[in-house]
Amino acid sequence: MLYTRRGCRMSPGVSRCYELQPDPYDYTQRKSIRICLFTNVENAGELRAKLRTGDLDAALVRAELVLEPFLFLAAAEKAVYQYAHNRMSTRSLAAELIYSLSPSRNISDSLNTFGVAENSKTILAAVFDDEKGSKMKKLAKQIKGQAVHLNFLRNVANLKLIKRIYKINDPSITLENIDEEILTRLVSKEYIS
């Protein structure tokens, strides 16, 4: 896994661009992803409708279900790998990213759980192949909300809901080590029946 942060052309520090390369020896798999966190979103239902009709080419995720950017990037890396090897379970790379975040093998449940909901107030937006930031700027104009720094992600994460979705019942799992449990579930979902 290779995560390289690229310079941001939106407001400094608001959106971040990362380079993904699931196989360090195969440069044909290299893709970039730009991520931005939006709070106080007022038009989530409208955005969801645009995603369903194909008017938006982005992954819009319920930010309260993502604990930190590393886990989001791990799911993105997995989606890019599946894309590069023609093994995607969904129809688009953006949908594959959302599916990769889920511990469930049910595509519909995964997209409904992790994708933007009608009443979402915080959204983690991701756009592939947007090194200069033009796609994210265009997307940001359609989101009625405030773009904030990714460091704010932990503040909007709902730990109780995350534990329930990932079926983490062990009381010894804390905020400091829950990311390891989530990552294990993301990586191993194809092997667990």
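We're numbering straight along the sequence, starting at 1. Just the heavy atoms: all of them, side chains too, but no hydrogens, waters or symmetry mates, feed the values below.
- The OG atom of Ser15 lies 8.5 Å from the CG atom of Leu150; values are rounded to the nearest 0.5 Å.
- With a 4.5 Å cut-off on side-chain heavy atoms, Asn40 and Lys121 do not count as touching.
- Inspection of the Asn106 and Ser108 side chains reveals no N or O donor paired with an N or O acceptor under 3.5 Å.
- Remark: side-chain polar atoms of Ser102 are not paired, donor with acceptor, to backbone N or O of Tyr99 under 3.5 angstrom.
- Taking the ring axis of Phe128 as reference, the NZ or CZ atom of Lys135 does not stay both within 45° of it and closer than 6.0 Å to the ring centre.
- Between Ile35 and Leu73, the closest side-chain pair of non-hydrogen atoms falls below 4.5 Å.
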Just do the side-chain contact (heavy atoms from CB on, under 4.5 Å) check on Val156 and Val66 with the steps written out, would you?
CA-CA 9 Å; Val156 299; Val66 181; over 6 Å; no
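- If you check the side chains of Glu64 and Thr122, you find a donor sitting under 3.5 Å from an acceptor.
- For the pair Asn43 (side chain) and Ile143 (backbone), a donor-acceptor distance under 3.5 Å is absent.
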Dump the intermediate steps for side-chain contact (heavy atoms from CB on, under 4.5 Å) on Lys144 and Val41, then the final yes or no.
CA-CA 5 Å; Lys144 295 177 185 170; Val41 176; 5.9 Å; no
Working for side-chain contact (heavy atoms from CB on, under 4.5 Å), residues Phe38 and Val148:
CA-CA 6 Å; Phe38 293 89; Val148 296; over 6 Å; no
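- Looking at Ser120, its side chain never comes within 3.5 Å of a backbone N or O of Ile123 through a donor-acceptor pair.
- Panel note: side chain Arg185, backbone Glu181; a donor-acceptor pair is recorded below 3.5 Å.
- Under the 4.5 Å side-chain criterion, counting only non-hydrogen atoms from C-beta, Glu96 is not in contact with Lys78.
- Pairing each heavy atom of Cys17 with each of Glu131, the nearest pair is SG-CA, 3.9 Å.
- With contacts defined as side-chain heavy-atom distances shorter than 4.5 Å, the pair Val61/Val116 does not qualify.
- For the atom pair OG1 (Thr90) and CD1 (Ile98), the distance works out to 8.5 Å, reported to the nearest 0.5 Å.
- Residue Ala63 comes nearest to Leu37 through the heavy atom pair CB-CD1, 3.6 Å, listed as atom of the first residue, atom of the second, then distance.
- Note: Leu51 CG to Leu56 CG = 5.0 Å, rounded to the nearest 0.5 Å.
- Residue pairs meeting the salt bridge (charged side-chain N to carboxylate O under 4.0 Å, His left out) criterion with at least one member in residues 80-93, sequence neighbours excluded, do not occur.
- For Asp109 against Ser104, the heavy-atom pair with the smallest separation is CB-OG, 4.4 Å.
- Within the 4.5 Å cutoff, side-chain heavy atoms of Lys31 are placed close to those of Leu93.
- Residue Asn158 qualifies as enclosed at atom CG: its count of foreign heavy atoms under 6.0 Å is above 12.
- Counting heavy atoms from C-beta outward, Leu139 and Leu60 have side chains that approach closer than 4.5 Å.
- The two residues Leu71 and Asp179 come nearest to each other via the heavy atoms CD2-O, 3.6 Å.
- Lys163 contributes no side-chain N or O that, together with a main-chain N or O of Ile168, makes up a donor-acceptor pair within less than 3.5 Å.
- Under the 4.5 Å side-chain heavy-atom criterion for ILVMFWY residues, a single connected hydrophobic cluster contains both Val80 and Leu183.
- Taken from OG in Ser100 to CD in Gln82, the straight-line distance is 6.5 Å, to the nearest 0.5 Å.
- Contact check for Leu161 versus Leu65: side-chain heavy atoms found under the 4.5 Å cut-off.
- The residues Arg34 and Asp130 are annotated as salt-bridged, a charged nitrogen and a carboxylate oxygen being separated by less than 4.0 angstrom.
- Put simply, Val187 and Tyr81 are part of two different groups of oily side chains (I, L, V, M, F, W, Y) that touch within less than 4.5 Å, one to the next.
- Expressed to the nearest 0.5 Å, how far CZ of Phe72 lies from CG of Leu153 amounts to 9.0 Å.
- For OH of Tyr83, the number of neighbouring non-hydrogen atoms (other residues, nucleotides, ligands) closer than 6.0 Å is 12 at most.
- Of all heavy-atom pairs between Leu97 and Ala75, the closest is CD1-C, 3.7 Å.
- Contact of the Arg30 side chain with the Leu20 side chain is not registered, since no non-hydrogen atoms from C-beta on lie closer than 4.5 Å.
- Expressed to the nearest 0.5 Å, how far CD1 of Ile162 lies from NZ of Lys167 amounts to 15.0 Å.
- For Leu101 against Tyr166, the heavy-atom pair with the smallest separation is O-OH, 2.6 Å.
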